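Data block below; observations after.
Note that the coordinates shown come from a computational prediction; the quantities given were computed from them, not determined experimentally. One-based numbering, in listed order, for ligands and for the atoms of each.
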Amino acid sequence: MSQVHLGHIFHVAGSPTVTEAAAALVSIPDGALVIDDDGKITYCGTREGSPEGGTVHDHRPGFLLPGFVDTHIHFPQTFAGDAYGGGQLLEWLTLCIFPSESKFGDPEYAQKAAVEFCTRRIAAGTTAAMVFGSAFPHAQDSLFSETQRVGLRVVSGRGIQTVGTETAQPLMTSEEDAIRLTTEEIEKWHGADTGDPATALLHVAIVPRFSLSVTTETLKNLGELYDSVKDRGVYVHSHLNENNRPGTGEVDSTKETYQVNSYLDTYDGKFLPGSQVGGKSLLGRKTILAHCVHCQDVELERMAETGTSISHCPVSQQFLGSGTMPWKRTIASGVNVSAGTDFGGGDEWLISKVLSDAFKVHISEAGEDSISMHPGEMLFIGTLAGARALDMEHRFGNFDVGKEADFLVVDPSTVPQLDGHLTNGIRSDEPTLARDQTLFQLLMGIREPAIAEVYVRGRRVTAD
Ligand code: GUN
Ligand code: ZN
């Protein structure tokens with residue numbers, strides 16, 4: 001029996017780039033989304049033109065949006081949001097984050113966090129996510145088990161650290177254990193729910209925390225491991241060019257430590273002094289690098305060339321004083337840019353809050369760099385570009401027929417400010433601008449209570 005969901009549909013159709021997203025924006029005010037027993041979309045169009053039959057779920061006057069995709073969020077920081085007293089990135093990691101993440105050594109605490117993490121994701125409508133994992137295998141078991149139980153999608157891997165300051169000690173392992181534990185996680189969880197990564201909701205990533213928390217030996221070993229599991233669709237995830245605070249910045253420290261020409265070289269197999277090749281590259285279509293605020297043009301070009309995606313995290317970049325990713329220059333390189341909360345560096349679970357901050361920081365860029373993002377571009381980076389970053393655009397990210405139905409029912413009536421804007425805000429006589437005005441107020445104004453229902457592969461996801 002097919003399921004018919006009625007509401008105002010917004011999605012970015014087809015497979016556009018971000019600059020083509022506005023033209024690919026689809027709005028169907030009296031729309032119907034029809035889903036078959038396999039959870040796949042068989043129809044997306046007007047209610048009037050929809051096929052007869054099926055069980056009808058009438059969400060009107062609510063909205064139907066593709067599920068949000070968060071391409072950078074930290075599971076072991078579930079309880080570390082709004083941590084005070086750490087300053088910018090490296091001080092914050094040392095003083096607030098490494099001690100917080102060390103608490104995941106306690107299996108009960110980690111299990112409680114896994115339940116909370118999934119609950120927060122459902123509340124925020126994050127149907128798919130690249131999740132930076134805990135160093136502790138039992139915590140990763142809790143994360144994967146709980147994610148599977150509730151029915152969300154996840155790509156995750158244990159955070160790998162082989163060097164660090166004193167507070168990082170509980171999170172660190174030997175070089176051998178770094179590889180052994182990561183290999184064991186891949187064997188245990190990659191594609192574990194269906195037995196086939198092509199149909200699975202659960203996937204594993206290789207996750208060196210960042211270049212400063214590993215060594216040339218770790219990077220060499222991870223390159224070899226990645227090379228041996230690439231064919232099975234294993235992912236890579238890390239941070240790049242996030243913070244360059246003078247004196248204690250991550251970017252300069254990395255270049256100094258490795259004596260390389262660019263930070264990206266350390267992930268690209270060129271981690272020996274002078275950027276000499278020391279091993280295999282970790283870049284590719286299944287690699288996501290978070291932040292990329294301070295990239296050189298050659299780094300952006302190399303990411304575009306290899307199909308590596310950026311997770312753009314403006315909420316976190318403001319919290320940690322990391323700066324603003326230059327939007328026009330980054331996009332001009334052709335690299336795919338998706339959206340990440342970076343919770344707990346960011347203090348919001350909602351991807352739409354990331355889109356809202358993206359709008360604000362990019363319109364505030366200086367002079368010619370300032371840009372007013374189109375709401376279609378905002379929706380794109382929070383949905384389809386995220387699916388692309390996860391190399392699963394063929395499976396979800398919009399409402400094209402044949403895709404797996406990951407979607408949100410948004411009910412503005414539960415958020416009075418949003419409801420007021422949508423009901424009483426001005427609308428242009430020009431239909432396209434009026435459409436854009438509605439989507440913009442919707443994306444800027446969504447708060448958790450407005451996310452009324454969440455579906456993955458056509459199945460309702462709830463916390464209990
Ligand atoms: N770089 C290395 N680790 C982290 C982290 O936990 N959060 C952020 N924002 N950046 C990092
Ligand atoms: Zn992060």
Geometric N/O contact [X] with ligand 1, under 3.5 angstrom:
X: Trp92; result: no
X: Glu242; result: yes
X: Glu250; result: no

(message) Below 2.8 Å, which protein N, O or S atoms neighbour the Zn ion (ligand 2), ignoring water?
(response)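 Listed by chain and number: His72 NE2, His74 NE2, His239 NE2, Asp342 OD1.
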
(message) I need the contact type for Leu212 against ligand 1. Using non-hydrogen atoms and a strict under-4.0 Å cut-off, is it side chain, backbone, both or neither?
(response)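 Neither; no heavy atom under 4.0 Å.
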
Below 4.0 angstrom from a heavy atom of [X], which ligand 1 atoms are there? Numbered from 1 as shown, please.
X: Leu89; answer: 8 (C), 10 (N), 11 (C)
X: His291; answer: 9 (N)
X: His239; answer: 1 (N), 2 (C), 3 (N), 4 (C), 5 (C), 7 (N), 8 (C), 10 (N), 11 (C)

(request) Run down the list Phe210, Phe98, Phe132 and name the one with the heavy atom closest to atom 2 (C) of ligand 1. (result)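 The option holding the nearest heavy atom is Phe210.
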
(request) May I ask you to identify the nearest protein heavy atom to atom 9 (N) of ligand 1, giving residue, atom name and distance to one decimal place in Å? (result) Asp342 OD2, 2.7 Å

(request) Please write down residue, atom name and distance for the protein heavy atom closest to atom 6 (O) of ligand 1. (result) Arg209 NH2, 2.6 Å

(message) In this structure, does ligand 1 have an atom that sits under 4.0 Å from one of the heavy atoms of Gln77?
(response)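 It does; at least one heavy atom falls under 4.0 Å.
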
(message) What I want to find out is whether Lys188 reaches Glu184 closely enough, with some N-O distance under 4.0 Å, to be called a salt bridge.
(response) no

(request) Can you label the angle between the His138 ring and the Phe136 ring as parallel, tilted or perpendicular, going by 30° and 60°? (result)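 Rings of His138 and Phe136: parallel, under 30°.
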
